[in-house]
Q: 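Could you have a look at this structure, given as structure tokens, before my questions?
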2 protein chains.
Amino acid sequence: MGVMDETDRPLYAQVRERLLERIRSGAWKPGQLIPNEFAIAAEFGVSQGTARKAIGELAGEGLLRRRQGRGTFVVEHTPADVLFRFFNVFDAAGVAVAPDSRDTCCSAAVTATAQERAALGLDDGAEVVRITRTRTRQSTPFIAESIALPSALFPGIAGRAEIPNTLYDLFQRAYGVIVVRTDDRLSAVAADGVAAAALAIAVGTPLLKIERIAFTLDDRPVEQRVSLCHLAGAHYLARNR
Amino acid sequence: MGVMDETDRPLYAQVRERLLERIRSGAWKPGQLIPNEFAIAAEFGVSQGTARKAIGELAGEGLLRRRQGRGTFVVEHTPADVLFRFFNVFDAAGVAVAPDSRDTCCSAAVTATAQERAALGLDDGAEVVRITRTRTRQSTPFIAESIALPSALFPGIAGRAEIPNTLYDLFQRAYGVIVVRTDDRLSAVAADGVAAAALAIAVGTPLLKIERIAFTLDDRPVEQRVSLCHLAGAHYLARNR
DNA sequence: CAGTGGTCTAGACCACGTG
DNA sequence: ACGTGGTCTAGACCACTGC
């Protein structure tokens with residue numbers, strides 16, 4: 001009866017944490033069916049309702065998916081899913097734009113700038129890897145992007161033969177880093193010479209600048225990304241609830 | 001026991017609907033304490049857990065606020081609340097920018113354009129009221145804004161002596177229209193002559209353009225708004241979960 | 001048909017805020 | 001001390017899925 005033995009946190013929160021650890025560690029892999037509510041309840045010595053609440057929280061956070069009659073599954077972050085989950089650009093007709101990447105270039109580990117350290121919560125002298133690429137829409141360049149990642153979290157990423165179009169998918173599968181949230185800071189800027197060359201537009205053209213910080217489950221920043229977008233009739237959609 | 005008499009919808013959903021109607025109609029006013037879980041359960045002939053779930057849904061939608069030890073309250077949309085709930089502009093230090101309004105100008109009811117009809121889901125020949133204003137930040141103009149509202153939903157709004165800075169607060173109190181969600185479409189544009197004059201900037205300056213549609217509880221569009229923003233170091237923050 | 005998640009109940013106790 | 005929302009239990013039945 002609600003003895004709160006371990007800590008003073010509610011039972012369902014403790015169960016949630018244990019389940020979360022299994023997802024994070026990969027013990028339960030993306031797409032996998034997890035045990036049913038009664039089995040989980042029995043394992044942790046709680047009632048079905050309490051197990052249900054823990055599962056419900058993770059489902060609400062988008063990490064589990066319940067399907068009536070079938071079971072509960074670990075959410076699979078396929079490249080397509082990831083692309084449309086955090087890429088908020090839509091064309092004039094309201095159809096999602098699916099970007100591709102070209103000219104992807106990944107630096108070796110270098111000392112982070114003060115700005116990068118602040119954005120990523122890094123200590124003095126920490127190293128980052130920088131990725132730059134041009135993103136295309138129907139083969140036309142429309143975004144110039146540069147990304148900074150803490151080297152410590154992504155060992156060996158600079159040496160990879162191929163950097164995929166959808167990074168967050170790679171982060172989860174290869175490094176166990178699950179991006180669950182991003183903060184995008186948007187503003188309007190005039191294209192400088194570099195951006196104008198990459199996007200084949202005139203210097204001074206208004207561009208949408210997106211400064212993104214991506215966060216993991218425990219709210220730690222893991223990626224800083226600056227995107228300069230020549231949207232040409234498309235737009236960035238922000239839904240406010 | 002789960003007889004599902006009225007319809008096939010769950011009991012908690014039916015209770016939620018009845019509670020919602022009281023908020024929407026103003027029977028329960030903003031800021032008011034509502035009856036406790038047991039009183040609501042008794043009134044509708046359900047268990048406390050079911051009443052709790054109905055209340056929880058409305059709390060999750062931001063319409064009720066539960067406070068342990070005190071009770072459950074109808075959320076009060078004070079001008080300040082409304083301002084910060086949907087106004088996503090922050091300065092370089094991450095502090096929310098609180099805009100003011102000047103030169104507010106409200107048209108009489110006029111026939112809506114095709115574009116306005118599409119955005120607001122209006123029939124052919126429907127009328128709208130248009131409001132234009134300049135929004136300031138520490139007395140400096142930084143946003144040129146134009147708003148279209150369906151006349152049918154806001155009778156007499158054009159004749160009001162004063163249009164307040166925070167419109168959604170007015171919508172709820174004077175017209176029973178509760179804005180719960182907005183879609184903002186963002187892009188970058190060059191300032192034209194009109195915007196440049198209003199914002200005291202050079203023609204061609206890059207501006208952040210925000211095209212907003214605001215929705216009520218039943219997901220009907222009730223406002224279309226175009227904001228041209230000269231952010232000058234500030235940014236629009238979009239949180240993606 | 002069996003097994004899953006989804007709903008619902010009745011009752012208990014805990015944690016918080018106020019008087 | 002009292003009343004509130006918050007947690008937890010044990011057990012029941014419903015609705016959906018797939019064999």
Side-chain angles (χ1 to χ4, degrees), chain A residues 1-20 22-23 28 30-76, chain B residues 1-20 22-23 28 30-76:
Chain A
M1 308 97 164
V3 253
M4 301 286 179
D5 35 81
E6 274 297 339
T7 73
D8 266 5
R9 297 170 54 217
L11 272 181
Y12 74 83
Q14 298 177 37
V15 173
R16 171 191 168 282
E17 205 66 31
R18 305 274 303 268
L19 300 183
L20 180 56
R22 296 189 183 177
I23 299 170
W28 285 346
Q32 183 179 332
L33 172 69
I34 74 169
N36 71 42
E37 297 179 346
F38 286 94
I40 289 173
E43 182 188 347
F44 291 104
V46 299
S47 73
Q48 176 254 3
T50 300
R52 178 175 178 73
K53 183 153 184 176
I55 295 168
E57 294 238 328
L58 293 171
E61 296 170 52
L63 292 164
L64 293 178
R65 165 101 186 260
R66 326 180 74 150
R67 288 199 250 184
Q68 184 169 160
R70 297 190 55 190
T72 301
F73 300 79
V74 179
V75 166
E76 191 158 16
Chain B
M1 310 95 166
V3 253
M4 301 288 180
D5 37 80
E6 274 295 340
T7 73
D8 266 4
R9 296 171 54 217
L11 272 181
Y12 74 84
Q14 298 177 36
V15 173
R16 173 190 168 281
E17 205 66 30
R18 304 275 301 270
L19 301 182
L20 179 56
R22 295 188 184 178
I23 299 169
W28 285 346
Q32 183 179 331
L33 173 69
I34 74 170
N36 72 41
E37 297 179 345
F38 285 94
I40 289 173
E43 182 189 347
F44 291 104
V46 300
S47 74
Q48 176 254 3
T50 300
R52 179 175 177 73
K53 183 152 184 176
I55 295 168
E57 293 239 327
L58 293 171
E61 296 170 51
L63 292 163
L64 293 178
R65 166 104 184 259
R66 326 181 74 151
R67 289 199 249 182
Q68 185 168 157
R70 297 190 54 191
T72 301
F73 301 79
V74 179
V75 165
E76 191 159 16

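Every chain is numbered from 1 and lettered A, B, ... according to where its sequence line falls, protein lines coming before strand lines. Hydrogens, waters and symmetry mates are skipped; everything else that's a heavy atom, side chains included, is used.
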Q: If only side-chain N and O atoms of A:Arg70 are considered, is one of them under 4.0 Å from the OP1 or OP2 phosphate oxygen of D:dG18?
A: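 Indeed, a polar side-chain atom of A:Arg70 lies that close.
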Q: Tell me whether A:Glu43 is salt-bridged to A:Arg18, with the criterion being a basic N under 4.0 Å from an acidic carboxylate O.
A: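 Judged by the 4.0 Å cut-off on N to carboxylate O distance, A:Glu43 and A:Arg18 do not form a salt bridge.
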Q: I want to confirm an ordering. Mapping A:Phe38 and A:Ala13 to their closest nucleotides on DNA chain D, which one lands closer to the 5' end?
A: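 Comparing both residues, the 5'-ward one is A:Ala13.
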Q: State the CG-CZ distance between B:Leu19 and B:Arg16, to the nearest 0.5 angstrom.
A: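 So the gap between those two atoms works out to 9.0 Å.
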Q: Indicate, with a heavy-atom threshold strictly under 4.0 Å, whether B:Tyr12 touches base, sugar-phosphate, or nothing.
A: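 The residue B:Tyr12 makes sugar-phosphate contact but no base contact.
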Q: Whole angstrom is fine here: how far is it from CD in B:Gln48 over to C1' in D:dG5?
A: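 These atoms are roughly 9 Å apart.
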Q: Nearest 0.5 Å, what's the CD1-CZ distance between B:Ile40 and B:Arg22?
A: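 Answer for the CD1-CZ pair, B:Ile40 versus B:Arg22, is 7.5 Å.
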Q: Below the 4.0 Å mark, does C:dC16 have OP1 or OP2 next to a side-chain nitrogen or oxygen of B:Arg67?
A: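 So the side chain of B:Arg67 is outside the cut-off, no N or O lying under 4.0 Å from OP1 or OP2 of C:dC16.
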Q: Is the distance from OP1 or OP2 of D:dG5 to the nearest side-chain N or O of B:Thr72 less than 4.0 Å?
A: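 For B:Thr72, the contact criterion (side-chain N or O under 4.0 Å from OP1 or OP2 of D:dG5) is met.
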Q: In this structure, how many angstroms lie between the P atom of D:dT17 and the CZ atom of A:Arg66, rounded?
A: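 Taking CZ of A:Arg66 and P of D:dT17, I get 15 Å after rounding.
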Q: Determine: side-chain N/O of B:Ser47 to OP1/OP2 of C:dG11, distance under 4.0 Å, yes or no.
A: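 The answer is no; no side-chain N or O of B:Ser47 sits under 4.0 Å from OP1 or OP2.
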Q: Roughly, in whole Å, what's the span from CG in B:Leu58 to C1' in D:dG5?
A: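 Answer to the nearest Å: 16 Å.
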Q: Of B:Leu33 and A:Gly69, whose closest DNA chain D nucleotide lies nearer the 5' terminus?
A: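 It is B:Leu33, whose closest nucleotide lies nearer the 5' terminus.
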Q: Can you find a heavy atom in the side chain of B:Leu64 that is under 4.5 Å from one in the side chain of B:Val74?
A: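 In short, these two side chains touch, coming nearer than 4.5 Å.
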Q: Would you indicate, yes or no, if D:dT7 has its OP1 or OP2 atom less than 4.0 angstrom from a side-chain nitrogen or oxygen of A:Lys53?
A: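 So the side-chain polar atoms of A:Lys53 do come within 4.0 Å of the phosphate oxygens OP1 or OP2 of D:dT7, strictly under.
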Q: How many whole angstroms separate atom CD of A:Glu37 from atom C1' of D:dG11?
A: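 Distance check: A:Glu37 CD to D:dG11 C1' gives 14 Å.
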Q: To the nearest angstrom, how far is A:Gln68 atom CD from D:dA15 atom P?
A: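 In whole Å, D:dA15 P and A:Gln68 CD are 9 Å from each other.
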Q: To the nearest 0.5 Å, what is the distance between CG (A:Leu11) and CZ (A:Phe44)?
A: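 A:Leu11 atom CG to A:Phe44 atom CZ measures 11.0 Å (nearest 0.5 Å).
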Q: Rounded to whole Å, how long is the line connecting atom CZ of B:Arg65 with atom P of D:dG5?
A: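 Going from CZ in B:Arg65 over to P in D:dG5 covers 14 Å.
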Q: Just the rounded figure in Å: distance from P of C:dC14 to CD of A:Gln14.
A: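 Between P of C:dC14 and CD of A:Gln14: 16 Å.
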Q: Send over the distance from B:Arg52 CZ to C:dA12 C1', rounded to a whole Å.
A: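 From B:Arg52 CZ to C:dA12 C1': 14 Å.
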